[in-house]
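Okay, structure first, notes after.
Residue numbering restarts at 1 for every chain, and letters A, B, ... go by the order of the sequence lines. Everything numeric here is computed off the predicted structure, so don't read it as measured data.
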Amino acid sequence: MKTDSSLLLYNKYYSLTNKEIEVELKNKTKWRGKFLGYFRGEKNYISKWQLVDIDVLFGSDNFGFLMGRIIVHKDIVKIFFFQDNSIMIL
Amino acid sequence: MENSKNGIKSKVTIASLLVALGIIYGDIGTSPLYVFKAIIGTREINMMLVYGGVSCVFWTLVFQTTIKYIWLTLRADNHGEGGIFSLYALVRRYGKKLVIPTILGATTLLADGIITPPISVSSAIEGLSMVKGLEDIIIPGNLLTIGIVIGILSLLFFFQRFGTQVIGKTFGPIMSIWFTMLVVFGVRQILIHPNILSALNPYFAYDLLANYPNGFWLLGAVFLCTTGAEALYSDLGHCGIKNIRITWIYVKISLITAYLGQAAWLMHQGQPLLNGRNPFFEIIPNWFLLPSIVIATSATIIASQALISGSFTLISEAMNLNFWPRVTVKQPSDSKGQIYIPSINSLLWFGCILMMVYFKESTHMEAAYGFSITVTMMMTSVLLGYFLYFRLKWNKVYVVLFLTVFGAIEVAFFIANVAKIKERWMFLFFELFIFTVMYYVWYFARKINNRYTKFIELGKYSEQLTELSQDFSIPKFATHLVYLTKADRRHEIEEKIIQSIFSKKPKRGDVYWFLHINRTEDPFTLSYNVSELVDDKVIKVNINIGFRIQPRTELYFKKIVQDLVANKELNLHIRPDGSTKYNNEPDFRFVVFKKFLSVENEFTIRDGLLLKGYFMLKHLGLSDERAFGLDKSDVEVEQIPLVYQPITNIQLERELKN
């Protein structure tokens with residue numbers, strides 16, 4: 001059975017105390033911040049992540065507009081974890 | 001010792017065998033009323049047809065009922081429970097697409113609950129036309145016959161609300177009399193034409209199907225002898241496997257005797273055509289005709305009762321597995337497991353009346369009946385294949401062999417039944433379409449719902465929750481503030497819950513509870529576990545509830561708090577249950593979300609249709625607070641818009657004044 005990379009990332013991410021990460025996407029863009037939330041998937045454990053700035057607490061602003069950006073899990077190529085300087089290649 | 005649902009032990013006693021006879025054999029046991037009439041129809045009575053017909057019936061009972069259901073399918077018990085949803089619960093982890101056969105099987109099984117009562121009762125009542133003096137009054141399809149059947153069915157459905165505890169005790173003895181009657185009158189005819197026993201040779205069955213003109217299509221009629229087989233599996237939880245298997249020996253002997261007796265009568269009666277006569281009633285001596293019709297009617301009422309109760313159980317399981325909108329479920333008696341669903345009772349009653357008015361006589365219902373059951377059986381075979389392979393670890397070759405043999409038999413029956421539905425098919429398909437759509441919309445729209453639910457880390461808000469709880473500048477909302485959550489992991493929570501607590505007017509509570517109800521694959525599990533994220537402040541509780549149990553969330557929650565207080569795990573500066581010196585009532589507040597579709601959505605056509613259908617059905621069903629067993633006075637309902645797919649890239653430009 002194919003490994004579910006979203007579950008691996010979930011387990012690794014939620015075991016960290018320093019949640020700051022840098023995400024590299026397939027289109028070569030890089031985003032720095034933290035995962036605030038996620039959407040469950042049907043094939044994989046997580047289908048999408050919400051990435052926000054490190055100091056953001058709530059997922060939407062006072063007007064209800066989404067903070068940060070939604071990242072589709074399968075678009076993630078690489079994640080750098082600042083806590084232990086490790087990299088997860090997906 | 002194994003306990004079954006009603007506390008009936010799987011241990012074999014005379015009483016348990018009688019219960020099994022009364023509950024599960026009504027459907028298959030009343031088939032002799034119409035099988036041979038359907039096989040012969042308007043065809044010329046000859047040896048090839050009669051011997052071939054009885055041979056087909058015998059081998060169908062051997063393969064389809066004995067081998068497939070009694071021997072194999074009954075092994076697929078989910079902690080003593082049977083039925084298509086129990087089987088689905090056992091195998092769902094092995095294939096996501098298994099939901100499709102489950103929906104189709106459950107749909108046709110529910111349709112069976114609508115078809116069985118009118119076909120069975122009308123077959124028995126039509127027998128009155130054989131009674132001297134009633135020939136010109138009781139004519140199949142006339143207004144009086146339809147009226148009597150509708151009257152009996154209406155009474156049957158009316159009495160459902162009172163439960164079947166008292167009347168149910170008579171079912172076993174009545175069915176015993178019925179099966180004994182089948183043996184006695186069957187043997188009587190066999191003795192007149194003993195050569196009929198040679199019809200058990202499978203060659204006659206082969207000869208009929210291969211050489212008789214249009215012989216293959218007779219399978220549609222033959223199939224009626226095994227229509228009750230699925231009910232054996234659905235009612236497994238009521239009786240236990242041993243009781244079913246032992247009683248089946250007697251039931252099978254009496255059924256075969258009855259069919260052989262009818263075949264023997266056909267061979268010696270001397271007329272070339274049936275001319276509307278029913279071989280079942282013809283083998284009964286005139287002096288016993290009226291009592292036999294009374295017994296037959298009782299047996300068909302018992303068969304109908306079994307299907308009605310089975311439909312209640314089916315829908316209850318469907319609700320708990322998220323296949324059906326939540327509707328009111330009542331317990332009409334003290335008997336554990338006996339349920340009554342008013343909306344399903346009305347639906348079945350209305351469906352049965354429509355069936356009777358539309359089809360008028362039992363003969364016209366046969367094809368629809370056969371069609372429904374063959375689909376259920378095929379779907380059960382698919383799920384059973386998974387069960388044999390993944391759970392019983394059968395060799396792949398044997399599983400393929402099983403699927404090939406029974407697949408071929410059931411596909412043959414299916415084709416023969418479909419071909420019989422030449423006319424009046426609209427009603428059946430309309431009925432099946434509605435049920436399928438309900439199952440499909442509810443199941444898949446919930447999937448979409450889940451897909452767009454955002455989860456966040458609860459621990460991240462522990463500090464804010466503690467701070468809010470101790471901020472006396474904010475009025476207290478409740479001592480125990482309770483949210484129901486879909487999040488099954490200890491640290492996660494839906495974002496909307498956090499929004500509900502902190503946004504607009506923050507909700508201050510002494511303890512924040514997050515309750516997750518986990519529906520287990522085991523039918524009767526009832527357990528819980530507690531995780532305290534912040535001591536006495538933020539607590540997550542997982543309650544595991546079996547899919548056969550109606551959730552009583554508030555009751556369970558109070559019990560959990562009571563346990564925690566008693567074990568000194570919950571220590572509050574106030575009275576632990578939240579009561580005050582002015583009253584003893586604990587201060588619980590449940591917050592339930594009432595969702596509605598926001599206009600700010602951009603869906604695909606399928607998702608949009610499914611979600612609209614979902615919200616329409618939700619409107620018809622029970623509210624969440626009632627569905628989860630919450631006391632209305634303790635519930636705060638919060639309206640929240642559901643934004644699944646927010647409109648993106650809004651090009652809103654401000655016009656600047658020059």
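Test B:L515, B:I501, B:I493, B:V592 against B:Y483 for side-chain contact (heavy atoms from CB on, under 4.5 Å) and you get one pass: B:I501.
Pairs passing the salt bridge (charged side-chain N to carboxylate O under 4.0 Å, His left out) check and including a residue from residues 463-472 of chain B, sequence neighbours excluded, do not occur.
Side-chain contact annotation: B:N542 with B:N518, donor-acceptor N/O pair under 3.5 Å absent. No side-chain N or O of B:E494 forms a donor-acceptor pair with one of B:T453 less than 3.5 Å apart. Defined by atom type and a distance below 3.5 Å, a donor-acceptor pair is present between the side-chain atoms of B:S469 and B:K537.
Relative orientation of the A:Y10 and A:Y45 rings is perpendicular, given thresholds of 30° and 60° on the angle between their planes. The aromatic rings of A:H73 and A:W49 are tilted relative to each other, their planes meeting at an angle between 30° and 60°.
Salt-bridge formation is not detected for the pair B:E492/B:K486: no Lys NZ or Arg NE/NH1/NH2 atom is positioned less than 4.0 Å from an Asp or Glu carboxylate oxygen. Ion pairing of B:D488 with A:R40 is present here, as a side-chain N (NZ or NE/NH1/NH2) and a carboxylate O approach within less than 4.0 Å.
Residue contact with chain A, scored on non-hydrogen atoms closer than 4.5 Å, involves the backbone and the side chain of B:E457 alike. Of the atoms belonging to A:I46, not a single heavy atom falls under 4.5 Å from chain B. With a threshold of 4.5 angstrom between heavy atoms, B:K96 approaches chain A through side-chain atoms but not through N, CA, C or O.
By the salt bridge (Lys or Arg N to Asp or Glu O under 4.0 Å) test, B:K496 pairs with no residue at all, sequence neighbours left out.
Heavy-atom neighbours of chain A within the stretch residues 87-95 of chain B, taken at a separation under 4.5 angstrom, are nonexistent. Along residues 76-87 of chain A, no residue comes nearer than 4.5 angstrom to chain B, judged on non-hydrogen atoms.
The aromatic ring centroids of B:Y461 and A:F58 lie less than 6.0 Å from each other.
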